[in-house]
Amino acid sequence: MPTTLRHSPGARVGLSIAAATGLYGISFGALSVSSGLDIWQTSALSLLLFSGGSQFAFIGVIAGGGSGAAAAGAAALLGIRNAVYGMQLNALLHPRGWRRFAAAQVTIDESLATSTGQTVLVEQKRGFWVAGLGIFVLWNVFTLIGALAGDAVGDPKQWGLDGAAVAAFLGLLWPRLRSKEAGAIAAVCALATVLTVPLVSPGVPILVAAVVAGAIGWFGFRHGPAGEGLEPDVDPYPGPPDAPGSTDAQAPR
């Protein structure tokens with residue numbers, strides 16, 4: 001029997017990720033205004049584009065003296081990953097009607113990670129929507145706050161906001177690194193990211209890491225069981241088999 005929304009592990013993770021990631025919107029708002037965009041342009045980027053990496057790439061190009069077309073190109077390059085996420089989530093959650101358009105808007109790194117971190121379909125849906133919508137609301141609110149505050153915010157790194165998103169990702173990833181294969185892939189991808197950071201534009205290293213992970217999965221584990229890789233090797237939220245909300249009780253292996 002599914003757990004209530006109040007006790008839902010997917011919803012709880014989604015809320016924590018939304019809070020950590022949404023706060024980082026202050027950094028974007030302040031940096032965007034300092035790069036030459038006005039408050040309304042900054043807010044429009046968060047409302048319509050809504051992709052942190054693409055947004056930071058956009059204002060980075062503008063701050064460096066680049067044209068609007070070059071900034072849009074850099075943002076589009078980093079936005080490719082969201083299209084890949086969309087295909088995976090569409091096959092997983094099967095949104096219908098207006099939910100397809102809403103799901104497309106809130107399909108980002110965090111909502112995908114929160115959803116796929118669950119092993120029960122209802123929790124995957126809850127995790128996706130709570131994280132996606134929660135981040136959308138908070139990111140736009142704190143973007144506006146950061147834009148209004150402008151220089152008064154100072155260096156966002158002094159507030160530790162640049163580490164909030166990283167910590168959130170680590171919290172999502174950690175429960176899934178119990179197997180040797182997952183740990184090995186994570187280590188190789190981390191190395192690839194570190195090596196490419198000094199060589200390419202911000203945001204591109206994560207694309208490189210994704211390609212590396214995909215290559216390892218395709219060539220290294222393609223002969224494994226047909227269902228391998230579709231869910232974590234262990235339950236991130238272990239509990240007694242008969243406990244309410246236990247994935248072992250809800251989903252037979």
> Can you tell if the side chain of Ile216 reaches within under 4.5 Å of the side chain of Val188, non-hydrogen atoms only?
Replying inline: yes
>> Show the nearest heavy-atom pair for residues Ala18 and Gly134, with the distance to one decimal.
In response: CB-C, 3.7 Å
> Can you find a pair of side-chain heavy atoms, one from Gln118 and one from Lys125, that are under 4.5 Å apart?
Replying inline: no
> Do Ile108 and Tyr85 come within less than 4.5 Å of each other through their side chains, counting heavy atoms only?
Replying inline: no
> Which distance, rounded to the nearest 0.5 Å, do you find between the CD1 of Ile145 and the CG of Leu23?
Replying inline: 9.0 Å
>> With rounding to the nearest 0.5 angstrom, report the CG to CD1 distance, Leu31 to Ile26.
In response: 11.5 Å
> Have Ser43 and Asn140 got a donor and an acceptor in their side chains that come within less than 3.5 Å?
Replying inline: no
>> Any donor-acceptor pair under 3.5 Å linking the side-chain atoms of Ser8 with those of Glu123?
In response: yes
> Which atoms form the tightest heavy-atom contact between Thr107 and Gly86, and what is the distance?
Replying inline: CG2-N, 3.8 Å
> For Leu148, what are the other residues in its hydrophobic cluster, where any two members join if their side-chain heavy atoms are less than 4.5 angstrom apart?
Replying inline: Ile39, Leu144
> What distance separates Leu89 CG from Thr116 OG1, expressed to the nearest 0.5 Å?
Replying inline: 7.5 Å
> Do you reckon Ile80 sits in the same ILVMFWY cluster as Met87, going by side-chain contacts under 4.5 Å, direct or chained?
Replying inline: no
> Given the rule that I, L, V, M, F, W and Y join up when any side-chain heavy atoms are under 4.5 Å apart, are Ile185 and Val212 in one cluster?
Replying inline: yes
> Would Gln55 and Trp139 count as a side-chain contact (heavy atoms from CB on, under 4.5 Å) if you check the C-alpha gap in whole Å, the side-chain angles of each, and the deciding distance to 0.1 Å?
Replying inline: CA-CA 12 Å; Gln55 292 178 227; Trp139 180 265; 3.3 Å; yes
> Counting distance only, does the side-chain N/O of Ser115 pair as donor-acceptor with the main-chain N or O of Phe128 below 3.5 Å?
Replying inline: no
> Under 4.5 Å between any side-chain heavy atoms of Phe58 and Ser32, yes or no?
Replying inline: no
> For the residue pair Trp129 and Ala103, what are the closest heavy atoms and their distance?
Replying inline: CH2-N, 3.6 Å
> From Arg100 CZ over to Gln105 CD, what is the distance, rounded to the nearest 0.5 angstrom?
Replying inline: 15.0 Å
> Any side-chain heavy-atom pair from Phe50 and Leu45 closer than 4.5 angstrom?
Replying inline: no
>> Treating Gln41 as the side-chain partner and Leu37 as the backbone partner, does any N or O pair qualify as donor plus acceptor under 3.5 Å?
In response: no
> How far apart are the closest heavy atoms of Arg126 and Thr4, and which atoms are they?
Replying inline: NH1-O, 3.6 Å
>> Ignoring hydrogens, what is the shortest heavy-atom contact between Ser111 and Ala131? Give both atom names and the distance.
In response: CA-CB, 4.1 Å
> In the single-linkage hydrophobic clustering (I, L, V, M, F, W, Y; side-chain heavy atoms under 4.5 Å), do Val130 and Leu133 co-cluster?
Replying inline: no
>> Nearest 0.5 angstrom please: Ile59 CD1 to Thr42 OG1, how far?
In response: 7.5 Å
>> Against Gln124, only a single residue in Leu92, Thr119, Thr114 fulfils side-chain contact (heavy atoms from CB on, under 4.5 Å); can you say which?
In response: Leu92
> Say you draw a straight line from CZ of Phe28 to CZ of Phe142; how long is it, rounded to the nearest 0.5 Å?
Replying inline: 15.5 Å
>> Hydrophobic clustering (ILVMFWY, side-chain heavy atoms < 4.5 Å, transitive) - are Val13 and Leu93 grouped together?
In response: yes
>> Tell me whether Leu47 shares a hydrophobic cluster with Leu49, the cluster being built from Ile, Leu, Val, Met, Phe, Trp, Tyr side chains joined at under 4.5 Å.
In response: yes
> Do Val106 and Ile135 touch side chain to side chain, with heavy atoms closer than 4.5 Å?
Replying inline: no
